[in-house]
Engineer: 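Sharing a structure, written as structure tokens. Questions coming.
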Amino acid sequence: DRTAFFEELPGEVSQRLVQMLSQEEREVAMRLLGYPEDSIGRLMTPEYVAVRPYFTVAQALEHIRRYGRDSETLDVIYVVDEHWKLIDDIRIKEVILASPARNVSEITDNRFVALRAEDDQEVAVRAFQDNNRTALPVIGGDGIGPMITGMAQHALEVLLADKVKAGKVEFRVIDGLTIERRAELGCAIPPDVMEELKKCHVILKGPTTTPRKGDPWPNVESANVAMRKALDLFANVRPVKVPELGIDWTFYRENTEGGYAVGSQGVQIDDDLFIDFTVATSQGCERIARLAFDYARKTGKNRVSCVTKANIIKTTDGKFLDTCQKVAKEYPEVQFDDWYIDIMTAKLLDDKRRRDFKVVVLPNLYGDIITDEAAEIQGGVGTAGSANIGKRYAMFEAIHGSAPRMVQEGRAKYADPSSVLRAAVMLLEHIGEIELAKKLDRALDICMVEERKVVVTGRDTGATAQEFTDYVLDTIAKL
């Protein structure tokens, strides 16, 4: 959250976090880190600093500024343990700034911003404010997408009104991701749209249409799949909560591999034989497994369940299961079990068993299917939001499709915006606006479950998307 950072950075920072080592100490550190002898000199330059995992972002940046004046740019922070063993290295140029109160250990795979070490603090802060305001691109997509995403944008604009007025947050509407334009260009994402997306790091996206066999559109790849691959949004995170049923699930779906990796590249051998492919890599399996276990450890949800069909799909599903089993050994305080996808779909409906599930990690296709079933238990796919997380970018969206039939029947204004409003909660959390996220989340619980004074039915028998959104905002005002 750069906005909070700018407000807090000029304050006093009392704890010294960056250790400027003597030459002898640097040489020892480099040997412990496993770097070759000829690279020792690089650690001796001010371009490199080492921090502990418990350091906060605000403190680390203060000391980077203080001790890095002789360097044009600080390229890397090394995160080390008490024995100076390397835990992670953060390339500052590649990432956006996270909340200043967060520990480095929480964000080594997350968001930073490039720093000019020669600038004093006030100059650097002004430069960030002028040139690096938080940009929130909004992509309407297809079908009901522009309608419901517009409602989420409206809600965010109201909640972030002070930041928008101060120029600290900027909404950017990006057009051009419609199926008509994608079909015209013959690509999943038009190049100009992708160029705009890569300028930002947090994206609010509406549903997009993916052509299927028999549709009038050409065989272009899913825009969602293409975006996840291009921006390396490897984790699809979908929470589902139904307190009265004892349900509090968080699904971690691998987002870039499996059957979706080359889903549009299947082969027709002849009139009788058709072949598609599924993909699993060591890196892809490990990073989603580790993310799920990290979340379980951090939140106290001390159970991770892996879902595959490894008894039948032995190579790729077998690899996914094997990786989860190996990662689980590093988290002894977290219970681990595994389920086959077919029985898991049944157990989510088993009132006694489903209360046991906490965190679920699974390959791409199974995650797509299971999370829709879970959302239906919560109240329907229109009630669940989704976050797509990578090391640099994050994209937030509804979990359902573009519903072109509603548009064809003139019912778009009656579309339920709840799912993308839930995604807006996750977006606010992601940019560090925790209190605003809590307010929106609580208001949605009241409006969708407890009071239900305004109900969306998808038809003229219920409220419009605008009326429901106004109900939510009125509820927030009363909290």
Side-chain angles (χ1 to χ4, degrees), residues 148 205 207 224 228 233-255 258-260 288-289 291-293 295-296 299-309 317 320-321 324 334-389 395-401 403 416-427 429 437 441 444-445 447-450 456 458:
I148 62 173
K205 177 187 163 294
N224 264 10
R228 290 165 184 166
L233 304 173
F234 67 88
N236 182 255
V237 185
R238 296 183 176 182
V240 171
K241 184 183 294 186
V242 189
E244 61 270 25
L245 298 179
I247 291 173
D248 186 5
W249 302 327
T250 305
F251 295 89
Y252 277 80
R253 165 191 170 192
E254 200 294 314
N255 219 14
Y260 291 52
I288 191 66
L291 196 65
F293 276 95
Y295 175 80
T299 60
K301 291 186 173 183
N302 63 339
R303 179 171 182 167
V304 173
S305 303
C306 173
V307 178
T308 67
K309 192 63 176 173
D317 279 23
F320 193 93
L321 175 58
C324 289
V334 178
Q335 301 176 48
F336 174 75
D337 59 3
D338 69 276
W339 297 78
Y340 295 138
I341 179 63
D342 43 3
I343 192 62
M344 186 65 168
T345 60
K347 290 305 175 183
L348 290 186
L349 302 178
D350 183 336
D351 183 56
K352 294 181 179 179
R353 173 64 71 177
R354 66 185 178 187
R355 297 168 182 264
D356 296 336
F357 297 124
K358 303 295 183 185
V359 181
V360 181
V361 60
L362 58 183
N364 207 337
L365 177 60
Y366 307 148
D368 196 358
I369 296 169
I370 282 287
T371 52
D372 276 12
E373 180 191 11
E376 194 67 25
I377 297 169
Q378 180 177 258
V381 293
T383 68
S386 172
N388 299 271
I389 307 297
M395 182 262 284
F396 300 85
E397 62 179 344
I399 74 168
H400 55 73
D416 191 342
S418 300
S419 182
V420 72
L421 287 170
R422 289 287 189 190
V425 172
M426 303 172 79
L427 186 154
E429 291 174 340
D441 194 40
L444 287 168
D445 285 343
C447 297
M448 296 168 61
V449 180
E450 298 172 19
V456 177

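It should be emphasised that the depicted structure is a prediction, and the values quoted were computed from it without experimental measurement.
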Engineer: Using modelled atom types and a 3.5 Å cut-off, is there a donor and acceptor pairing between side-chain atoms of D317 and backbone atoms of T308?
Structural biologist: no
Engineer: Nearest 0.5 angstrom please: K358 NZ to T299 OG1, how far?
Structural biologist: 10.0 Å
Engineer: For a 4.5 angstrom cut-off between non-hydrogen side-chain atoms, does D441 reach E429?
Structural biologist: no
Engineer: Can a salt bridge be assigned to the pair K301 and D248 using a cut-off of 4.0 Å between side-chain N and carboxylate O?
Structural biologist: yes
Engineer: Which heavy atom of T371 sits nearest to which heavy atom of R238, and what is that distance?
Structural biologist: OG1-NH1, 2.6 Å
Engineer: Taking all non-hydrogen atoms of both residues, which atom of T345 and which atom of E373 are closest, and how far apart?
Structural biologist: O-OE2, 2.6 Å
Engineer: Just how far is it from atom CG of D337 to atom CG of D356, taken to the nearest 0.5 Å?
Structural biologist: 8.5 Å
Engineer: Could you walk me through whether Y295 and V237 pass the side-chain contact (heavy atoms from CB on, under 4.5 Å) check?
Structural biologist: CA-CA 11 Å; Y295 175 80; V237 185; over 6 Å; no
Engineer: Compare every heavy atom of I399 with every heavy atom of S419, then report the nearest pair and how far apart it is.
Structural biologist: OG-N, 3.2 Å
Engineer: Y252 and side chain to side chain contact (heavy atoms under 4.5 Å, CB included): which partner among V360, I389, N236, I288?
Structural biologist: I288
Engineer: When rounded to the nearest 0.5 angstrom, what distance separates NZ in K241 from OG1 in T250?
Structural biologist: 8.0 Å
Engineer: What I want to find out is whether R422 reaches D445 closely enough, with some N-O distance under 4.0 Å, to be called a salt bridge.
Structural biologist: yes
Engineer: Taking all heavy atoms of Q378 and all of V240, pick out the closest pair and write down the distance.
Structural biologist: OE1-CA, 3.5 Å
Engineer: Is the side chain of E254 donor-acceptor paired with the backbone N or O of N364 at a distance under 3.5 Å, no angle test?
Structural biologist: no
Engineer: Closest heavy-atom contact between R354 and L348?
Structural biologist: CD-O, 3.0 Å
Engineer: Find the distance between CG (L427) and CD (E397) and round it off to the nearest 0.5 Å.
Structural biologist: 12.0 Å
Engineer: Below 30° counts as parallel, above 60° as perpendicular, anything between as tilted: where do the rings of W249 and F357 land?
Structural biologist: perpendicular
Engineer: CG of D372 to NE2 of H400: how many Å apart, nearest 0.5 Å?
Structural biologist: 10.0 Å
Engineer: Test side-chain contact (heavy atoms from CB on, under 4.5 Å) on L349 and I377; report intermediate values, then the result.
Structural biologist: CA-CA 8 Å; L349 302 178; I377 297 169; 3.9 Å; yes
Engineer: Can R253 and D368 be said to form a side-chain contact (heavy atoms from CB on, under 4.5 Å), step by step?
Structural biologist: CA-CA 7 Å; R253 165 191 170 192; D368 196 358; 3.7 Å; yes
Engineer: Taking it one step at a time, do V456 and S418 satisfy side-chain contact (heavy atoms from CB on, under 4.5 Å)?
Structural biologist: CA-CA 9 Å; V456 177; S418 300; 6.0 Å; no
Engineer: Do K205 and N388 come within less than 4.5 Å of each other through their side chains, counting heavy atoms only?
Structural biologist: no
Engineer: Rounded to the nearest 0.5 Å, what separation is found between the CZ atom of F251 and the OG atom of S386?
Structural biologist: 12.0 Å
Engineer: Locate the shortest heavy-atom distance separating D416 from I148; write the atom from each residue and the value.
Structural biologist: O-CG2, 3.7 Å
